[in-house]
Amino acid sequence: MNAKTQDGWIGVVKGRPQVGAFAERSRRTRPEDIAAFTEMTGDRNPLHYDRALAEASVFGKLIVQGGVTSGILNALVAEDLPGPGTVFLEVGWKFVKAVGVGEMITGRVEIKEVRPDKPICKIETSVRNEAGDVCLTGTATVFTVPLARG
């Protein structure tokens with residue numbers, strides 16, 4: 001008896017992505033990012049606000065919260081690849097280098113596995129600074145909600 005696998009990607013806005021497909025986005029971090037993240041989370045770590053303390057730390061500068069650094073990956077999966085309706089199910093991120101205020105960062109996602117029966121992908125993720133240094137690296141599993149109206 002052959003069980004036919006149902007295509008779980010029906011109704012997904014951008015369709016089923018291909019293994020190896022990738023997307024990138026860049027943006028410059030701003031002091032307003034720190035304030036917005038603090039408003040959302042209550043994270044008032046002095047490394048984000050006290051310039052003298054931050055410059056005397058191992059970072060040598062004011063740094064943005066890790067959520068600001070990883071936030072570019074949210075935009076990538078929700079807007080670019082796999083696209084609208086995509087949410088994170090699991091993340092395994094390592095923060096390798098702090099991102100300073102005013103730094104240009106580039107996020108990248110690459111499709112590593114695609115399930116045919118459900119709109120679920122395993123992706124490789126990274127965020128680099130303008131010097132090309134890796135600031136965040138890791139993997140994630142994402143789910144794309146079919147948004148087509150029936």
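Residues that satisfy the side-chain hydrogen bond (donor to acceptor under 3.5 Å, both in side chains) test with Thr69, not counting sequence neighbours, are absent from this structure.
Separation of atoms CZ (Arg25) and OG1 (Thr106) is listed at 12.0 Å; rounding is to 0.5 Å.
Of the candidates Asn45, Asp33, Thr38, Thr38 is the only one forming a side-chain hydrogen bond (donor to acceptor under 3.5 Å, both in side chains) with Gln65.
The main-chain N or O of Glu124 is never found under 3.5 Å from a side-chain atom of Thr139 such that the two would form a donor-acceptor pair. Within the 3.5 Å criterion, the main-chain N or O of Leu136 finds no donor-acceptor partner in the side chain of Ser126.
Under a cutoff of 6.0 Å and an axis angle of 45°, Arg44 and Tyr49 do not form a cation-pi pair.
Under the 3.5 Å distance criterion, with hydrogens and angles disregarded, a donor-acceptor pair is assigned to the side chains of Trp93 and Thr125.
Taking hydrophobic clusters as Ile, Leu, Val, Met, Phe, Trp and Tyr residues chained together by side-chain heavy-atom distances below 4.5 Å, Phe22 does not share a cluster with Ile111. Using a 4.5 Å cut-off between side-chain heavy atoms of Ile, Leu, Val, Met, Phe, Trp and Tyr, with links allowed through other members, Leu76 and Val19 fall into the same hydrophobic cluster.
Residues Pro116 and Trp9 approach most closely at O-CD1, 3.8 Å, considering heavy atoms.
Checked for salt-bridge contact, Arg108 and Glu110 meet the test: a charged N lies under 4.0 Å from a carboxylate O.
Looking at Thr144 and Lys14, their side chains never come closer than 4.5 Å, going by heavy atoms from C-beta outward. Asn129 has its side chain within reach of Lys97: a pair of non-hydrogen atoms, C-beta onward, lies under 4.5 Å apart.
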